[in-house]
Amino acid sequence: MSSLRGRLVCTVIALAALGMVIVDAASIVALQVYFRDRADTWLTDTKTRLAQAIGHTSVVVTRNDVSVLLQPGYVVTLFDPQGRVLVQTPVVDSLGNPAAPPTLPAVVGKDFAATPTTLPSAGGPQYRTLMFNLGTDVRYAQPNGPPVAIGSALLAESLDPTDDALSKLMVFELLATLVALAGIGLLSFVVLKVGLQPLRDMARTARRIAAGEVHQRIDAPNEGAEVGQVVVALNEAFDARQQSEERLRRFVADASHELRTPLTTIRGWAEMHQHGLAGEELTALSLSRIQQESARMQELVGDLLLLAQLDQQHEPVSERVDLGRLAADAVADARVTAPQREIRTLVRGRTVVCGDENRLREVLQNLISNALVHTPSGTEIDVRVTGDHARVELVVADNGPGMDEATAGRVFERFFRADQARSPGTGGTGLGLSIVRSIVAAHGGAVDLVTRPGEGSVFTVRLSSGSWETAVSRTGLAGDNEGEGRVQ
Ligand code: ADP
């Protein structure tokens, strides 16, 4: 049977059958031992009583003396001193019908059945037997002759009633076992059917989700039970999968939308050329626009690629990076591209972190270029890197227009750009800050923004010094700017 329920029912029945067979066998063996012990006790007691009754007096026993004393199922056989049968009492079963006597050898030895022994009979019951010596003073009165010496006597008790009881018990136990097993099988089938229902629900729901009904979820009646926990975990997995698919769909839609604008522009200018509509002046303009738009597309594609890599890469490169040095480089670059802007830097304390230098440069470039691009000229920019044994903090602050709460809450979203009218022509992709957040998160850090309209913006990146802290403090590697904050 291949179904889980079938296998479980079979296992339950097999285990129950094993247990019952063991109990049945044990009870039959115990009863058998009990009956045997009882027969042996009768045999030894009778032997003792006879020995006591006879004593050392001279006794002559007749066939009648013995047989009248015996109950049905018991047999006494007397042997002469040579071990040949002298006489045997008539054998009848418990109902008084004649029965076969125990099968005896023609001549019995002295040690024959010295302890209780089971003997068969010719087609009749089995007998428990005990033979013992009667001494020389007991003789047997032959019906047609003089009394003869008796060598020994064999007591035999038929095991027919006990065997009968045992076989009846066996039949009863067999029937009871079969009925009990059928009941257990039926009950476990029903219990498992109910208990495994959630698993069938799970399979059905999973199939429906796979078929496109992505909002379907499995009902979890009892969340504490094992199956309930699986249901909850699966529902969470379905939720996560759905959210990630929706994010991906939105991302692809946004990316296509962003790429469509420059492509349409390039195509428009190219078609104008193709139809020979552009004069000399327009040709120059069209080439410049085509160049601008393809540069924009290149930037966008580069950003998308970087984001995709960041989404994939779980462990960033781990190298020793001095954030203070990177900040100084980034500010130097910014001063070249925007010589008219005032950019101040401050590096203080231990500024070494563990991470990917190129990615961290990207963080600095994005934050500084945002401060340059999204603030009017004349706005002052501060870049500060400070650190201690535990963490390193990078702050890029400006005293520009700042942002309202709604805008500030969305700047880290992919493709989000605040009101274009406020910062016209900036041409950003709207991916800069989401790249910053992804890189910082991949380094185990966090980035936040404090801003208010008219009060500038302060972006703060917090990274932990990590394992580099120990190495840095031991060897005094570069990046330890303790006590000499450099302001430029
Ligand atoms: P991009 O700069 O390409 O537009 P970003 O993700 O870097 O995209 O920034 C998202 C938006 O956040 C920008 O469009 C801008 O409106 C706003 N922003 C970012 N930095 C600043 C800043 N220093 N001052 C004011 N607005 C900012």
Side-chain angles (χ1 to χ4, degrees), residues 254 258 261 292 295-296 299-300 302-303 306-307 323-324 326-348 351 359-387 392-441 445-463 485-488:
D254 289 345
E258 290 297 325
T261 318
Q292 274 172 9
R296 186 169 141 68
E299 190 190 349
L300 190 65
D303 282 356
L306 178 58
L307 267 176
L323 213 57
L326 296 196
D329 289 351
V331 169
D333 292 347
R335 281 182 185 140
V336 172
T337 50
Q340 74 287 359
R341 303 296 287 263
E342 169 147 12
I343 309 173
R344 287 189 299 257
T345 54
L346 168 73
V347 178
R348 194 176 58 212
T351 55
R359 300 270 193 261
L360 292 170
R361 272 189 199 281
E362 186 96 23
V363 168
L364 273 154
Q365 270 164 13
N366 281 353
L367 292 176
I368 294 172
S369 91
N370 271 355
L372 290 173
V373 171
H374 300 296
T375 59
S377 56
T379 306
E380 291 169 3
I381 299 169
D382 276 302
V383 178
R384 291 191 295 273
V385 185
T386 52
V392 177
E393 208 171 77
L394 160 70
V395 175
V396 177
D398 63 66
N399 62 353
M403 291 168 250
D404 59 32
E405 211 176 316
T407 308
R410 297 192 57 195
V411 285
F412 291 103
E413 283 177 22
R414 293 179 179 185
F415 296 110
F416 176 79
R417 276 165 297 189
D419 184 10
Q420 288 289 301
R422 206 188 62 188
S423 46
T426 58
T429 60
L431 292 173
L433 286 176
S434 48
I435 288 174
V436 167
R437 193 179 58 175
S438 293
I439 294 175
V440 174
V447 55
D448 69 43
L449 163 65
V450 176
T451 181
R452 272 211 197 146
E455 291 184 17
S457 312
V458 180
F459 288 91
T460 308
V461 171
R462 292 185 183 86
L463 295 170
R486 298 193 306 270
V487 183
Q488 292 164 357

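Residue numbers start at 1 and run along the sequence shown. All heavy atoms count here, side chains included; hydrogens, waters and symmetry mates do not.
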- Message: Do V383 and L394 make a side-chain contact, defined as non-hydrogen atoms from C-beta onward lying under 4.5 Å apart?
- Response: yes
- Task: Might you point out which heavy atoms bring I343 and A334 nearest each other, and give the distance in Å?
- Result: CD1-CB, 3.7 Å
- Taking T451 for its side chain and M403 for its backbone only, find out whether a donor-acceptor pair lies under 3.5 Å. yes
- Given side chains that start at C-beta, do those of E362 and N366 come closer than 4.5 Å, heavy atoms only? yes
- Query: Side chain of R414, backbone of S434: donor and acceptor closer than 3.5 Å?
  - Reply: no
- Item | Distance-only donor-acceptor check, side chains R296 and T261, under 3.5 Å | no
- Partners meeting side chain to side chain contact (heavy atoms under 4.5 Å, CB included) with D333 (sequence neighbours left out): none
- For residues 392-401, which residue pairs qualify under side-chain hydrogen bond (donor to acceptor under 3.5 Å, both in side chains), counting only residues two or more places apart or in two chains? E393-R462
- Query: Tell me, do V395 and D382 make a side-chain contact under 4.5 Å, heavy atoms counted?
  - Reply: no
- Write down the atom of S438, the atom of L307, and the distance for their closest heavy-atom approach. OG-CD2, 3.8 Å
- Value rounded to 0.5 Å, distance of CG in L463 from CG in L323: 6.5 Å
- pair D329-R361: side-chain heavy atoms closer than 4.5 Å: yes
- Okay, side chain of R341, backbone of I381: is any donor-acceptor separation there less than 3.5 Å? no
- Query: Should the heavy atoms of other residues, nucleotides or ligands under 6.0 Å from CD of E405 be counted, would the total exceed 12?
  - Reply: no
- Query: What are the two closest heavy atoms between V447 and V436, and how far apart are they?
  - Reply: CG2-CG1, 4.3 Å
- Item | Side chains of I435 and I439 in contact at under 4.5 Å (non-hydrogen atoms) | yes
- Message: Between F415 and L431, is there a side-chain heavy-atom distance shorter than 4.5 Å?
- Response: yes
